[in-house]
Amino acid sequence: VAQSADAADAATVFVFNRTFDASRQDVWNAFTQPEHLKHWWGVPGNRIEIVHHDLKPGGLFHYCTRFPDGRTMWARFIFREIVAPERLVWLNGFSDERGGLTPNPWLPNFPLETLNTVTLAEQDGRTLLTITVAPYSASDEEARIFAGGIAGMKMGFGASFKLLADYLARRS
Amino acid sequence: MPDRLTSTFAALADPTRRAILARLALGETSVTELAKPFEMSMPAVSKHLKVLERAGLIARSREAQSRPCRLAPGPLQDAANWIEEYRRFWEASLDRLEDYLSKMKAATKAEKTKGPRANRSKTKSKE
């Protein structure tokens, strides 16, 4: 969708890695079964309420986070690829309570949906998990914004640039 | 606030502009100095500087003739905070998965040692 040089530079995606001291099957189960997901997925410090979970290509996972102050936040997955126990691909987005897509509450021009891919690899009885997050069918504008976020993260905006920015803010 | 973040991220999407910011992180400098590493005309560099200035990422001195550029703190800080939050969200999710997996492992071990009877009552007592 995005063809500009900027977007090519952003062909890159957000990537997160973690090695777990657990079997690949256990990590897969934790990621794909609602009775496990409800114990760890969602906004830190809050349990999620799962209203729908249908693990099949095109299937919907629809859930709600209820915050202590009464606010609710709905979100959804649409599963794309399910290759147990090694690869899960889904479209990730915020939604309303009926499951319709809604914009990112913090960044209205962020792509409505991201294509998230989890791969699990076994390594000496441990499991290496890799998550990638890429914009999905984003407009050029949305792709550019996403690219900026990724680029910012790669620049070390998240850590070292934050220190610099805080320092500058204190000084001014 | 979200609109400002949007223009910050849009400004960051360009590699030349990121390089300019990285250079400015080292300290205030003139436009001529900034243009040196890029094979680019001065007007082209000025265009990038205008985008960065409009996004509030840099400020340019009005005093000296050379109008030196420096990083501006506000939007840079908002963008850094947002990116840090996004990263933290994923890291925290993976932390919780890690905790949960070790609980799963402990539960499986307990089941094995207790035998099937204990296992059944344990499942019932779960929510």
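For the numbers below, each heavy atom of this structure counts, side chains included, while hydrogens, waters and symmetry mates do not. Letters go in sequence order (proteins before strands), and every chain restarts at 1.
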If you measure from CH2 on A:Trp41 to CG on B:Leu97, what distance do you get to the nearest 0.5 Å? 9.5 Å
With a 6.0 Å cut-off (strictly less than), is the heavy-atom count around CG of A:Asp124, excluding the residue itself, greater than 12? no
Rounded to the nearest 0.5 Å, the CZ atom of A:Phe16 sits from the CG atom of B:Leu94 at a distance of 8.0 Å
A:Ile78 with A:Tyr63, same ILVMFWY side-chain cluster at under 4.5 Å: no
For A:Glu81, does the CD atom sit with more than 12 other heavy atoms under 6.0 Å from it, leaving out its own atoms? yes
Please classify the contact between B:Asp95 and chain A as side chain, backbone, both or neither, with a heavy-atom cut-off of under 4.5 Å. both
Under 4.5 Å heavy-atom distance to chain B, tell me which part of A:Leu37 shows up: side chain, backbone, both or neither. neither
Can you name the closest pair of heavy atoms from A:Gly42 and B:Ser93 and give their distance? O-OG, 4.0 Å
Residue pair A:His39 / B:Tyr100: nearest heavy atoms and the distance that separates them: CB-CE1, 3.5 Å
Rounded distance (nearest 0.5 Å) linking atom CG of A:Asn29 with atom CE of B:Met104: 5.5 Å
Please determine whether residues B:Leu24 and B:Val31 belong to a single hydrophobic cluster, defined as Ile, Leu, Val, Met, Phe, Trp and Tyr linked transitively by side-chain heavy-atom distances below 4.5 Å. yes
Could you measure the distance from the CG atom of A:Asn116 to the CH2 atom of B:Trp90? Nearest 0.5 Å is fine. 5.0 Å
Side-chain heavy atoms nearer than 4.5 Å, only ILVMFWY residues, links allowed to pass through others: does that put A:Leu129 and A:Val89 together? no
Spacing of B:Glu91 atom CD and A:Arg18 atom CZ [to the nearest 0.5 Å]: 5.5 Å
Among B:Arg96, B:Glu98, B:Arg70, B:Lys103, the residue with the most heavy-atom pairs under 4.5 Å to chain A is B:Arg96
For residues A:Ile50 and A:Leu60: do they belong to one hydrophobic cluster (side chain heavy atoms under 4.5 Å, members Ile, Leu, Val, Met, Phe, Trp, Tyr)? no
What about B:Phe38 and B:Leu34, same hydrophobic cluster or not, with Ile/Leu/Val/Met/Phe/Trp/Tyr joined at side-chain heavy-atom distances under 4.5 Å? yes
